[in-house]
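Chain letters run A, B, ... following the sequence lines, proteins first and then strands; every chain starts at 1. Just so we're clear, the structure is a prediction, and the values are computed from it rather than from any experiment.
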Protein chains: 2
Amino acid sequence: MYLEDFGKAVGHKSRAAILLALIGGKALPASELAYRAKISNQTASSHLAILEDLNMIFVRQCGRHRYYELVDHDIADAIEALASKLKLGLRDEKVSDHLRYARFCYDHLAGVLGVSITIRLLEKGVLGADTDTFKVVDSQHSVFEKLEIDLECLGRKRRLLAPKCIDWSERVPHVAGSLGAAIAVSLEKQKMIERSKEDRSVKITRKGYIFLERELNISREILNNQ
Amino acid sequence: MYLEDFGKAVGHKSRAAILLALIGGKALPASELAYRAKISNQTASSHLAILEDLNMIFVRQCGRHRYYELVDHDIADAIEALASKLKLGLRDEKVSDHLRYARFCYDHLAGVLGVSITIRLLEKGVLGADTDTFKVVDSQHSVFEKLEIDLECLGRKRRLLAPKCIDWSERVPHVAGSLGAAIAVSLEKQKMIERSKEDRSVKITRKGYIFLERELNISREILNNQ
DNA sequence: ACCATGTTTCGACAGATATCGTAGCGAAAA
DNA sequence: TTTTCGCTACGATATCTGTCGAAACATGGT
């Protein structure tokens with residue numbers, strides 16, 4: 001991919017809005033993306049074709065439905081990284097406090113919540129920090145059991161286990177990669193967090209509040225900020 | 001700045017070429033940029049006006065001459081970071097071995113040379129590595145004296161002393177910031193390196209070869225690769 | 001077979017963009 | 001002052017882009 005291709009992809013309000021929606025990590029249908037970008041379905045369709053040409057997204061056909069996704073998480077990471085480096089605003093996202101507080105960064109958690117989880121895992125000695133990645137120090141810790149995360153299984157994947165990802169709102173590294181994704185999936189599956197239907201923000205449920213306080217000792221002060 | 005503005009800036013072949021040229025760190029006149037982007041002076045002028053509007057570049061008036069520069073090094077860093085994350089090709093730069101080997105990344109050295117210098121400084125215990133920056137461990141080391149670098153003076157600047165910068169060709173952090181810049185300036189001033197007139201690559205001179213081998217013990221194998 | 005639903009294609013149009021020739025401008029040099 | 005040089009502004013033009021209405025197209029349900 002060439003620099004100007006990336007530029008062309010994000011260089012239009014509507015396409016930027018579409019990509020920003022997809023950074024949420026959910027696969028979304030064209031009509032939903034049109035709604036989010038505030039354009040007609042036809043127009044969205046043409047933008048989607050452009051983004052597909054540029055190899056930024058692909059479509060997953062499920063019966064009569066077509067869901068669009070980013071081709072890979074590098075693209076999400078790159079956009080977040082860019083936003084943090086250049087102190088970019090993200091015009092079309094109402095940059096709500098919800099979004100700042102907790103959101104999906106493709107397939108893992110970012111914002112105050114993502115960073116807090118990372119920090120607590122480091123302080124508890126579950127994770128350690130390398131230059132560009134985190135590493136698991138205490139693989140026997142009860143967190144992994146509670147979240148039903150099979151580290152061996154994750155380790156066998158080709159994807160990096162726990163690279164650092166820096167987001168625009170906090171500018172502090174948080175856990176990404178297959179571990180970051182596994183944490184987010186598990187929290188969602190166990191109904192500790194709930195995705196917003198509007199955007200990529202998430203809400204901590206009552207159950208999640210208790211888990212995060214008891215198991216990770218995230219302070220109530222932080223948790224109540226939601 | 002908004003994401004789509006950055007996109008618009010780099011989203012056109014000619015503008016991308018102009019920015020890539022300016023990442024070299026030198027201030028360049030419009031005609032030179034037109035030549036590099038292979039467009040007429042008038043066309044270049046309009047692109048330059050666009051880039052100025054978008055706050056990517058500014059013009060420094062020197063008598064009858066007008067030199068364009070990037071507004072700050074963050075923009076250079078962001079583009080290099082983007083290139084490394086997305087494995088972007090940089091279409092218009094002949095990605096020559098020279099460029100891969102040693103080049104200016106705005107105001108500090110990147111490529112094999114930039115990385116080698118950084119690694120040797122780390123191995124010699126002159127620098128240490130933090131998460132996102134390097135730190136000076138042995139400020140009394142003779143390297144600083146030889147390069148006439150006044151660390152106290154650098155420390156007083158508002159700019160970060162030695163942040164890590166990751167470039168597209170090596171994908172390994174090298175020293176940027178005011179220290180990175182000071183090293184590059186000094187090497188150039190002492191005629192240990194010479195800038196190319198064509199692009200942002202640099203050549204190591206005979207004097208530089210000797211210095212890098214003697215003082216930093218960079219292996220001949222690496223130095224001969226130039 | 002037909003319909004309902006969601007998506008893409010086609011066609012048209014307005015508006016933006018890229019390009020360059022020509023002319024004008026400003027600063028130094030003659 | 002006049003000339004020279006480089007750059008920008010203006011204007012014309014061709015092209016590209018974004019947009020949407022209408023229609024065509026799939027696919028799964030009725």
Review point. At what distance, to the nearest 0.5 angstrom, does CZ of F144(B) lie from OG of S186(B)?
Key: 11.5 Å
Check your understanding: Side chain of A30(A): nearest nucleotide among dT7(C), dT19(C), dG18(D)?
Key -> dT7(C)
Review point. Tell me: CG of L28(A) to P of dG6(C), nearest whole Å?
Key: 15 Å
Check your understanding: Between residues 48-59 of chain A and DNA chain D, which residues have a heavy-atom gap below 4.0 Å?
Key -> I50(A)
Check your understanding: Can you check whether T43(B) has a side-chain N or O nearer than 4.0 Å to OP1 or OP2 of dT19(C)?
Key -> no
Practice item. Measure from NE2 on H47(B) to C1' on dA9(D) and round the result to the nearest Å. Key: 16 Å
Exercise for review: May I ask you to check whether H108(A) and H174(A) place their ring centers less than 6.0 Å from one another?
Suggested key: yes
Review point. Given V202(A) and L187(A), is the side-chain contact (heavy atoms from CB on, under 4.5 Å) satisfied, shown in steps?
Key: CA-CA 11 Å; V202(A) 302; L187(A) 288 174; over 6 Å; no
Check your understanding: Looking only at side-chain N and O atoms, does Y68(B) come under 4.0 Å of OP1 or OP2 in dT8(D)?
Key -> yes
Review point. Please give, in whole Å, the distance from dG24(C) P to N41(B) CG?
Key: 19 Å
Practice item. Identify whether the distance between the nearest side-chain nitrogen and carboxylate oxygen of K207(B) and E194(B) falls below 4.0 Å. Key: no
Review point. Quick one: which of dC20(D), dT19(C), dT8(C) gets closest to the side chain of S45(A)?
Key: dT8(C)
Exercise for review: Mind checking S31(B) for me? I need base, sugar-phosphate or nothing, with any heavy atom below 4.0 Å counting as a touch.
Suggested key: sugar-phosphate
Practice item. Using heavy atoms to find the nearest nucleotide of DNA chain D for Q42(A) and R15(A) separately, return the residue whose nucleotide is more 5′. Key: R15(A)
Exercise for review: From the options dT8(D), dT19(D), dC7(D), select the nucleotide whose nearest atom is closest to the side chain of P29(B).
Suggested key: dC7(D)
Review point. When the distance from NZ of K8(A) to C1' of dA16(C) is rounded to whole Å, what number comes out?
Key: 14 Å
Exercise for review: For Y67(A) and dT27(D), give me the distance from atom OH to atom P, rounded to whole Å.
Suggested key: 15 Å
Review point. Between N224(A) and Y209(A), does any side-chain donor sit less than 3.5 Å from a side-chain acceptor?
Key: yes
Review point. Quick one: E4(A) CD to dT17(C) C1', roughly how many Å, whole number?
Key: 16 Å
Practice item. Would you please confirm or rule out a distance under 4.0 Å between OP1 or OP2 of dT17(D) and any side-chain N or O of H12(A)? Key: no
Exercise for review: Please check if atom CZ in F58(B) has more than 12 non-hydrogen atoms from other residues, nucleotides or ligands closer than 6.0 Å.
Suggested key: yes
Check your understanding: S46(B) and T43(B): side-chain donor and acceptor closer than 3.5 Å?
Key -> no
Exercise for review: Mind calculating the distance between CG (L33(A)) and P (dG18(D)) to the nearest angstrom?
Suggested key: 17 Å
**Study point:** Any R66(B) side-chain N or O less than 4.0 Å from OP1/OP2 of dG6(D)
**Key:** no
